[in-house]
2 protein chains.
Amino acid sequence: MFFLKELPSREILQSYQTRFPAMNVDNVHDALHMLRQASLLMRQLDNYFAANDLSTLRYLILIVLEREDLPEGLMVSELAERVDVSRPVMTRTVQTLVDDGLLATRACDNDGRIKRVRLTVAGHDTLNRVLPGYYQLIDRFMASDTRL
Amino acid sequence: MFFLKELPSREILQSYQTRFPAMNVDNVHDALHMLRQASLLMRQLDNYFAANDLSTLRYLILIVLEREDLPEGLMVSELAERVDVSRPVMTRTVQTLVDDGLLATRACDNDGRIKRVRLTVAGHDTLNRVLPGYYQLIDRFMASDTRL
DNA sequence: CTTTGTTGATTATCATGGTAACTATATGGA
DNA sequence: TCCATATAGTTACCATGATAATCAACAAAG
């Protein structure tokens, strides 16, 4: 994600308001502020995960699997649904996590179409290694956030 | 951008808190909520711009140029700086906007390295066509937002 | 005036998101 | 049973972000 370095001031938004009366200056101002804050936090998170051989998506897959904690694991399509990403992207990303030893897959006995994905021990370990710094990063970001 | 469909409840965050005492439950909760809201709004904006032969980046380039309103226009690197995107991406995207007739470029007289980018009439028209719906979309999103 | 370094823009390549189309398996009705 | 349809996963391809390397033009020092 990315966003404007310098957001439009309220004065500039006011001038747009005369051109487009439907707009609400406060709502637009708040929305732009939120988008920028989210953009900055996402960038920090991306960098943090990248420094730990992960990505935001790879992390989310691990955390979802840990949270569900099903011995059978989850289907690729269930993961895609929960993380809100397309199935082809999930297929590809799960494959890289299997290659890296953080996930394991098994064919389903009853249904030949289904592949079940679960965390390996290394996957659990990676999560435990990464989570403290993740929470710390969020804490610091929110503490320094000059919200309205 | 993307994000979890279902965020961890406060209870789940509490249980993580016992494992990782450094984390602040409220901060993490607020941060995750913000990230998801931003993700949902970004998706709506992306769809809106795509339906108007734009993208978020293409829109931002147009709005920055209109806001600065310099007859000479802006350099590619100045645009990249303001929109917070890499210069190669800016080069590529400016080129597509020139191809579509929304921007025009001119070499600088004094300095052969510099290329100045400015809005065409069609570029201005596109902005004016797109802005009302853009503000309306943001207004509606913020109005429906169940913030904390 | 030439060499050296800097700056603006671009090219090449990679990463990671998406959609469309395909394969294999399962399911349900004629 | 057999065919039509649906579902899970994948493959192929495209869009758009990044970084590293390259090219051309400028500037400054010897």
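Excluded from the calculations below are hydrogen atoms, water molecules and symmetry mates; all remaining heavy atoms, backbone and side chain alike, are included. So that the names make sense, note that chain A is the first sequence line, chain B the second, and so on, each numbered from 1.
Comparing A:Arg87 and A:Asp111 along DNA chain C, the residue whose closest nucleotide (by nearest heavy atom) sits nearer the 5' end is A:Arg87. DNA chain D is contacted by both A:Lys115 and B:Arg58; A:Lys115 maps to the nucleotide lying nearer its 5′ end (nearest heavy atom per residue).
As rounded to whole Å, 15 Å separates atom P of C:dT25 from atom CG of A:Asp109. One interatomic measurement links the two molecules: CD of A:Glu81 to P of D:dT7, which rounds to 14 Å at whole-angstrom precision. Here C:dT16 presents its P atom at 15 Å from CD of A:Gln95, a figure rounded to the nearest Å. In this structure, CG of B:Leu54 is placed 11 Å from P of D:dT16, rounded to the nearest angstrom. B:Leu79 places its CG atom 13 Å from the P atom of C:dG8, with the value rounded to the nearest Å. Between A:Met90 atom CE and C:dT19 atom P the separation is 14 Å, expressed in whole Å. In this structure, B:Asp46 atom CG and C:dG17 atom P are separated by 14 Å, rounded to whole Å. Across the protein-nucleic acid pair, B:Ile114 atom CD1 and D:dA27 atom P stand 9 Å apart, rounded to whole Å.
Backbone-only contact: B:Met75 has heavy atoms under 4.0 Å from sugar-phosphate atoms and none from a base. Counting any heavy atom pair closer than 4.0 Å across all strands shown, A:Ser77 reaches sugar-phosphate atoms only and no base atom. Contact annotation for B:Asn110: backbone-only contact, meaning every heavy-atom pair under 4.0 Å involves sugar-phosphate atoms and none involves a base. Within the 4.0 angstrom heavy-atom criterion, base atoms lie near B:Val89.
For A:Arg92 against C:dG17, a side-chain N or O and a base N or O form a donor-acceptor pair under 3.5 Å.
The existence of a salt bridge linking B:Asp84 and A:Arg43 is confirmed by a sub-4.0 Å separation between a basic side-chain nitrogen and an acidic carboxylate oxygen.
Ring orientation note: the planes of A:Tyr59 and A:Tyr134 are tilted relative to one another, at an angle of 30° to 60°.
Taking only side-chain atoms of A:Arg113, from C-beta outward, the nucleotide of D:dA8, C:dT19, C:dT10 with the closest atom is D:dA8.
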